[in-house]
Amino acid sequence: GAGGDLARLVAVGGGDRERAYAAERVVWVEGRRSEWRSEKAYGYVEPGRTYYRGAVYCREYTHTIYVGGRPQTAVGTACRNPDGSWSQVG
C-alpha cells in the first residue's frame with residue numbers, strides 16, 4: 001500500500017514521517033491540499049477522486065515528496081470508518 005511507499009520515500013527521521021502522515025490525514029478528512037516541510041525534505045498531498053465502496057466513503061490522493069530536491073510520488077486511497085476516523089486502504 002501507499003503507507004509502505006511513503007515509508008520508503010521518507011527515508012528520513014521519524015518526525016518527517018509524522019508530518020507527512022499528518023498532511024495525508026488533512027487531505028482524507030478535509031479534502032484539501034496539504035503541505036509539510038522539514039529540514040531534510042518537504043512534500044505535499046493532493047486530493048483525488050472520491051467514491052463509495054459499498055456504503056463506505058473513500059478518497060484517492062497523491063503524495064509528492066522531495067528529498068534532495070528530487071520528487072517522488074506515492075498514490076493511495078483512504079476510506080472513512082463508521083466511527084468517523086479514516087484508514088488507509090491502498
Side-chain angles (χ1 to χ4, degrees):
D5 296 340
L6 180 61
R8 284 196 300 276
L9 292 181
V10 187
V12 286
D16 291 356
R17 193 167 291 130
E18 289 172 18
R19 289 187 184 95
Y21 281 130
E24 287 190 351
R25 284 191 292 272
V26 168
V27 171
W28 302 348
V29 175
E30 300 181 27
R32 63 178 174 85
R33 176 184 164 118
S34 180
E35 301 179 7
W36 62 274
R37 181 175 294 273
S38 71
E39 292 178 14
K40 299 177 184 174
Y42 66 95
Y44 58 90
V45 190
E46 295 181 302
R49 73 184 182 101
T50 56
Y51 62 95
Y52 281 90
R53 184 180 286 187
V56 179
Y57 184 68
C58 299
R59 184 187 307 282
E60 295 177 347
Y61 62 94
T62 303
H63 195 153
T64 302
I65 298 172
Y66 290 82
V67 180
R70 295 172 55 192
Q72 302 180 73
T73 301
V75 177
T77 302
C79 296
R80 190 165 56 202
N81 300 309
D83 66 2
S85 65
W86 286 73
S87 295
Q88 195 171 41
V89 297

If you draw the axis of the six-membered ring of Y61, does the NZ or CZ of R59 fall within 45° of it and under 6.0 Å from the ring centre? no

How close do P47 and G31 get, heavy atom to heavy atom, and via which atoms?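 Minimum heavy-atom contact is CG-O, 3.5 Å.
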
Roughly how far apart are [X] [atom1] and [Y] [atom2], rounded to 0.5 Å?
X   : Y   : atom1 : atom2 : value
R19 : E24 : CZ    : CD    : 15.0 Å
E35 : T64 : CD    : OG1   : 11.0 Å
W28 : T50 : CH2   : OG1   : 16.0 Å
Y52 : C79 : OH    : SG    : 11.0 Å
Q72 : H63 : CD    : NE2   : 11.0 Å

Summary of salt bridge (Lys or Arg N to Asp or Glu O under 4.0 Å) pairs that have at least one residue in residues 77-90, sequence neighbours excluded: none

Given the rule in the side-chain contact (heavy atoms from CB on, under 4.5 Å) test, do W36 and I65 qualify, once you have shown the distances and angles that lead to the verdict? CA-CA 9 Å; W36 62 274; I65 298 172; 3.9 Å; yes

Given side chains that start at C-beta, do those of V45 and V26 come closer than 4.5 Å, heavy atoms only?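 No; the side chains remain at least 4.5 Å from each other.
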
Can you confirm whether C58 sits close enough to V56 that some side-chain heavy atom of one is under 4.5 Å from a side-chain heavy atom of the other?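 C58 vs V56: side chains touch.
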
Applying the 4.5 Å side-chain criterion to the ILVMFWY set and letting contacts propagate, would Y51 and V27 be lumped into a single cluster?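 In one cluster with Y51: V27, no.
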
With a sphere of 6.0 Å drawn around CD of E30, does it hold more than 12 non-hydrogen atoms of other residues, nucleotides or ligands?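 Result for CD/E30: enclosed.
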
Please list, chain by chain and in numerical order, all residues satisfying ring pair (Phe, Tyr, Trp, His ring centres under 6.0 Å) with Y66, sequence neighbours excluded. Y42

